[in-house]
Amino acid sequence: MKYWLFKSEPDAYSIDDLKNEENGVGRWDGIRNYQARNLLRDKTSVGDAIIFYHSSCKNVGVAGYAEVLSAPYPDPLQFDPESKYYDPKSSAENPRWVCVDVKYTKHVSRFLPLSEIKQCDELNEMVLVNRSRLSIQPVKETEWLKIKELTKNS
DNA sequence: GCCAACGTTGGC
DNA sequence: GCCAACGTTGGC
């Protein structure tokens, strides 16, 4: 099993929004960055664990956990002219963008702010700190374990 | 709202 | 294929 960090702006889609979906299942769509797309398309597997990170908001940091529920499949928004994620250069025969379904696992017991991640020796080399703009990021097992520990109630 | 970092586009 | 211009991300 692999570990991932998925970023979302909570004003657009938060851990609460995912929890409130039917059966806690949502679609992680709208990825329009090639590096993130490649990770999603080529590296994610059903059952992988996801750290749900809230970005671009008042409190940035780790808000919850989810899991990868489906294999990657073409993102339907790329074919929808009404969507801001519409891509006229994409086609059904050769779709450019993919998405996965994800399932809510839980909220963190204790919110883990980015500032604390930056201060933590075991976490300050995360992609999140060094390449912060990537919206789908691999997480090392050691980092995963540390984040699990830091998001528990003390 | 600012701005640094960085990704994308398009002319040549 | 280079690179300048431009757009987006995201912390603060």
Side-chain angles (χ1 to χ4, degrees), chain A residues 2-21 26-44 48-68 72-102 104-140 142-152 154:
Chain A
K2 294 182 295 303
Y3 306 98
W4 302 96
L5 184 146
F6 283 18
K7 278 195 301 198
S8 185
E9 300 183 16
D11 292 343
Y13 195 80
S14 70
I15 184 78
D16 296 310
D17 293 327
L18 176 59
K19 183 183 184 180
N20 291 333
E21 300 264 20
R27 188 164 61 212
W28 206 272
D29 52 19
I31 298 296
R32 294 294 180 272
N33 166 283
Y34 285 105
Q35 199 173 351
R37 190 275 314 263
N38 292 346
L39 289 169
L40 203 59
R41 186 187 60 186
D42 304 333
K43 306 289 185 190
T44 58
D48 284 354
I50 300 166
I51 293 165
F52 198 119
Y53 178 87
H54 282 175
S55 68
S56 292
C57 59
K58 192 155 183 253
N59 297 308
V60 293
V62 175
Y65 295 97
E67 69 173 294
V68 177
Y73 61 96
D75 181 347
L77 299 180
Q78 71 196 307
F79 307 122
D80 177 5
E82 302 297 311
S83 169
K84 68 183 265 200
Y85 296 110
Y86 177 62
D87 185 346
K89 294 179 190 159
S90 191
S91 66
E93 299 76 35
N94 190 18
R96 181 176 293 190
W97 306 109
V98 299
C99 59
V100 293
D101 291 337
V102 301
Y104 172 81
T105 304
K106 62 180 179 181
H107 280 59
V108 291
S109 302
R110 176 182 168 276
F111 183 78
L112 177 60
L114 177 61
S115 58
E116 209 172 310
I117 292 173
K118 286 180 170 173
Q119 285 166 20
C120 175
D121 286 343
E122 291 97 326
L123 298 179
N124 64 15
E125 292 188 5
M126 287 181 70
V127 180
L128 182 67
V129 177
N130 296 305
R131 294 257 352 262
S132 71
R133 292 182 58 190
L134 192 60
S135 62
I136 305 273
Q137 309 182 354
V139 173
K140 295 190 187 116
T142 51
E143 294 164 345
W144 164 264
L145 292 170
K146 188 69 188 177
I147 286 172
K148 289 228 91 172
E149 181 189 324
L150 291 174
T151 54
K152 278 181 191 155
S154 46

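Throughout, a chain's letter reflects where its sequence line sits, starting with A, and its residues are numbered from 1. Heavy-atom basis, side chains included; hydrogens, waters and symmetry copies ignored. Everything quoted here is computed from the prediction, not taken from an experiment.
- Here the C1' atom of nucleotide B:dT9 and the CZ atom of A:Arg32 are 18 Å apart, to the nearest Å.
- Residue-environment remark: NZ (A:Lys2) exceeds the threshold of 12 foreign heavy atoms within 6.0 Å.
- Across C:dG11, B:dC6, C:dG10, the shortest atom-to-atom separation from the side chain of A:Tyr53 is found for C:dG11.
- In the model, A:Asp101 has a side-chain atom that pairs as donor or acceptor with a side-chain atom of A:Tyr73 under 3.5 Å.
- Straight-line distance from the NE2 atom of A:His54 to the P atom of C:dC12: 17 Å, rounded to whole Å.
- C:dT9 atom P lies 18 Å from atom CG of A:Leu114, rounded to whole Å.
- Within the 4.0 Å cut-off from OP1 or OP2 of C:dG10, not a single side-chain nitrogen or oxygen of A:Lys58 is found.
- Distance A:Tyr34 OH to B:dT9 C1': 11 Å, rounded to the nearest Å.
- In this structure, OH of A:Tyr85 is placed 12 Å from C1' of C:dT9, rounded to the nearest angstrom.
- Within 6.0 Å of CD on A:Glu125 lie no more than 12 heavy atoms contributed by other residues, nucleotides or ligands.
- For A:Arg131 and B:dG7, the shortest distance from a side-chain N or O to OP1 or OP2 is below 4.0 Å.
- Distance A:Leu128 CG to C:dC12 P: 10 Å, rounded to the nearest Å.
- Rounded to an integer number of Å, the gap from A:Lys84 NZ to C:dG7 P is 16 Å.
- Note on A:Glu149 versus A:Lys146: salt bridge recorded, some NZ/NE/NH1/NH2 to OD/OE distance being below 4.0 Å.
- Atom P of nucleotide B:dC3 and atom CZ of A:Arg133 are separated by 17 Å, given to the nearest angstrom.
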